[in-house]
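As structure tokens, the structure follows; a few thoughts come after it.
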Amino acid sequence: MSQPFDPTKLMRPHLRKLVPYSSARHEYQGQANVMLDANENAHGSPLGGMLHRYPDPDQAALKVRLAEVLGTAPERLFMGNGSDQAIDLLLRVFCVPGRDSILICPPTYGMYAVSAATNDVEVVHVPLDADFLPDVGAILAAANERTKLLFLCSPNNPTGNSLRTADITRLLEGFTGIVVLDEAYVDYSSDGSRIALLEQFPNLVLLRTLSKAWGCAGLRLGVAIARPEVISILDRVKPPYNLSAPVAVLALEALGKEAQMKKAVARTIVSRELLARDLATLPMVQQVFPSDANFLLVRFVDAKAVFAFLIAHGIVVRDRGKEPGCEGSLRITVGTEEENEMLMDSLMKFKKNGPIADH
Ligand SMILES: Cc1ncc(COP(=O)(O)O)c(C=O)c1O
């Protein structure tokens, strides 16, 4: 990059002067016995414990532990109510509604475009190529000074493939805004995280989540990892209590069970490969795309009929047929061994010329 990267130059101008909400507990550091500062219920919570108190706005203990697990420093972490909140905040911080744009490479995770639409931010589409890889030249040609965020996803949802480091690097070098690399599924990939690129590229923001490998989608905890200059901008704009006290307690507990997480990931990877092999033997399957994630994108001869047939058997998968490059494809999450078997049993009953003949 020719000029030093300064994220405050990219952010929405009015936010540079923003005075963030200062919570009651932010303004007091000592040890107090009588807390009459936050309009809490002095009689306590019907649930007991400390739930009548507002949580730590910074969730400092959780942040320290998360940083340790993710191999980074606490000042490089933003914690959100799912990575969806980080996506939304990035848009709200960097994109002027009605003026700026983001660039996405479909087929990809739907929330980038939905968050942009919610914030009245234009979406520039540069589809992935036939191998589901980003077209670096086309992306850089389509971006202009108003294109503030480029969203990349590796492994990509819904295609399952990882992006190449060389492509990510070229985009980090050539794109003048912020490159958001969503690594929601990275624990399932042998490539590993690209977090080391942060040393070289201050315009990189990585997204991670506890919703996938950590098995805590219900908790709603996702993070952005970036240089402290970027993190402090996100922290200033976030709702002050975006993570509840029970979430922090449960997340800390989950993060103490890394071995269990790794075991589940290994099991999913074994199942993914078995399922991919089994699906490929079915006559109505045209293609099983290679996956580094916990799902498979599968192209069927008649995806709509297969989708309806599976629903009739009580099995829900995701129809991705309307996404560019995914015509006729369903996205199937890798389940337990038993669930995968039920899926295969159902699919084996599907008759090419009479999908409901077995009913
Ligand atoms: C690529 C990708 N990023 C982010 C998310 C959302 O993660 P979270 O549950 O942390 O909001 C998903 C959810 O499916 C996803 O597929």
Side-chain angles (χ1 to χ4, degrees), residues 1 4-11 15-16 18 20 26 55-94 148-154 163 165 168-169 171-173 175 177-187 189 191-214 216 219-243 247-248 251-252 254-256 258 261:
M1 234 174 245
F5 178 77
D6 178 1
T8 59
K9 289 208 176 109
L10 282 177
M11 73 194 283
L15 291 177
R16 289 183 201 132
L18 178 83
H26 259 139
D56 174 3
D58 304 321
Q59 296 293 11
L62 175 60
K63 192 179 270 197
V64 167
R65 179 71 187 121
L66 253 178
E68 206 174 87
V69 168
L70 295 170
T72 189
E75 62 272 19
R76 289 188 169 199
L77 273 195
F78 164 81
M79 301 189 297
N81 180 239
S83 36
D84 283 346
Q85 185 172 45
I87 293 166
D88 183 62
L89 275 185
L90 284 163
L91 268 144
R92 284 168 50 200
V93 160
F94 289 108
K148 296 291 185 61
L149 303 172
L150 162 62
F151 281 93
L152 302 173
C153 189
S154 182
L163 306 191
T165 306
I168 298 168
T169 305
L171 288 165
L172 282 161
E173 278 163 355
F175 185 67
I178 286 181
V179 176
V180 184
L181 180 61
D182 189 339
E183 296 191 326
Y185 299 98
V186 79
D187 298 288
S189 111
D191 282 10
S193 171
R194 267 50 175 256
I195 194 169
L197 290 173
L198 260 184
E199 303 316 315
Q200 203 183 337
F201 297 104
N203 59 335
L204 172 64
V205 174
L206 299 125
L207 299 178
R208 301 285 293 271
T209 178
L210 259 67
S211 297
K212 309 297 174 184
W214 285 96
C216 290
L219 279 190
R220 310 308 300 130
L221 179 58
V223 303
I225 312 172
R227 293 282 185 96
E229 311 86 82
V230 176
I231 296 301
S232 68
I233 295 174
L234 293 175
D235 274 337
R236 281 170 56 191
V237 178
K238 83 175 180 75
Y241 306 111
N242 62 330
L243 298 186
V247 163
L252 269 171
L255 292 168
E258 201 169 4
M261 178 278 273

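The figures here come from the full heavy-atom set of this structure, side chains too, leaving out hydrogens, waters and symmetry mates. Residue numbers run from 1 in the order of the sequence given. This is a predicted model, so every value here is computed, not measured.
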Exercise for review: Take M79 and L221 through the side chain to side chain contact (heavy atoms under 4.5 Å, CB included) test and state the conclusion after the steps.
Suggested key: CA-CA 7 Å; M79 301 189 297; L221 179 58; 4.2 Å; yes

Practice item. Go through the steps to decide whether F78 and N242 satisfy the test side chain to side chain contact (heavy atoms under 4.5 Å, CB included), and finish with yes or no. Key: CA-CA 11 Å; F78 164 81; N242 62 330; 4.1 Å; yes

Exercise for review: Just do the side chain to side chain contact (heavy atoms under 4.5 Å, CB included) check on L197 and T169 with the steps written out, would you?
Suggested key: CA-CA 8 Å; L197 290 173; T169 305; 4.1 Å; yes

Check your understanding: Given the rule in the side chain to side chain contact (heavy atoms under 4.5 Å, CB included) test, do I233 and L15 qualify, once you have shown the distances and angles that lead to the verdict?
Key -> CA-CA 9 Å; I233 295 174; L15 291 177; 5.8 Å; no

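Atom NZ of K212 sits about 14.5 Å away from atom CE of M261, to the nearest 0.5 Å. Here the CG atom belonging to L77 is positioned 6.0 Å from the CG atom belonging to L70, to the nearest 0.5 angstrom. Taken to the nearest 0.5 Å, the OG atom of S83 stands 12.0 Å off from the CG atom of L89. Expressed to the nearest 0.5 Å, how far CG of L163 lies from SG of C153 amounts to 7.5 Å. Note that CG of L149 and CG of L90 are 6.0 Å apart. Values are rounded to the nearest 0.5 Å. Between R236 atom CZ and L18 atom CG the span is 5.5 Å, to the nearest 0.5 Å.
Summarising the geometry of G80 relative to L243, their closest heavy-atom pair is O-CD2, 3.5 Å, with the distance given to 0.1 Å. Across every non-hydrogen atom of A226 and L204, the tightest pair is CB-O, 3.7 Å. When all heavy atoms of I195 and G71 are compared, the pair lying nearest together is CD1-O, 4.1 Å. Considering every non-hydrogen atom in both A254 and C216, the closest pair reads CB-SG, 3.8 Å. The two atoms that bring L62 and A248 nearest to each other are CD2-CA, 4.0 Å, heavy atoms only. Closest of all the heavy-atom pairs between I231 and A224 is CD1-O, 3.6 Å.
A heavy-atom distance below 4.5 Å is not found between the side chains of F175 and L152. Counting heavy atoms from C-beta outward, E183 and S154 have side chains that stay 4.5 Å or more apart. The shortest side-chain heavy-atom distance between L210 and L66 falls under the 4.5 Å cut-off. At least one side-chain heavy atom of Q85 sits under 4.5 Å from a side-chain heavy atom of P239.
Among residues two or more places apart in sequence or in another chain, the side-chain contact (heavy atoms from CB on, under 4.5 Å) test is passed with D84 by I87, Y109, M111, R220. Under the ring-ring contact (aromatic ring centres under 6.0 Å, His included) criterion, F151 pairs with Y112, sequence neighbours left out. In this structure E258 satisfies the side chain to side chain donor-acceptor pair (under 3.5 Å) test with no other residue, sequence neighbours excluded.
K63 and D235 are joined by a salt bridge, as a carboxylate oxygen and a charged side-chain nitrogen come within less than 4.0 angstrom of each other.
With L172 as the fixed residue, the side-chain contact (heavy atoms from CB on, under 4.5 Å) test singles out one of N203, L150, I178: N203.
Using modelled atom types, no side-chain atom of R208 and backbone atom of I225 make a donor-acceptor pair closer than 3.5 Å. Under a 3.5 Å cut-off, the side chain of R227 and the backbone N or O of L198 do form a donor-acceptor pair. Judged by distance alone, with hydrogens and angles left aside, the side-chain atoms of D58 form no donor-acceptor pair with the main-chain N or O of A60 at under 3.5 Å. With K148 contributing its side chain and L10 its backbone, the two residues share a donor-acceptor pair below 3.5 Å.
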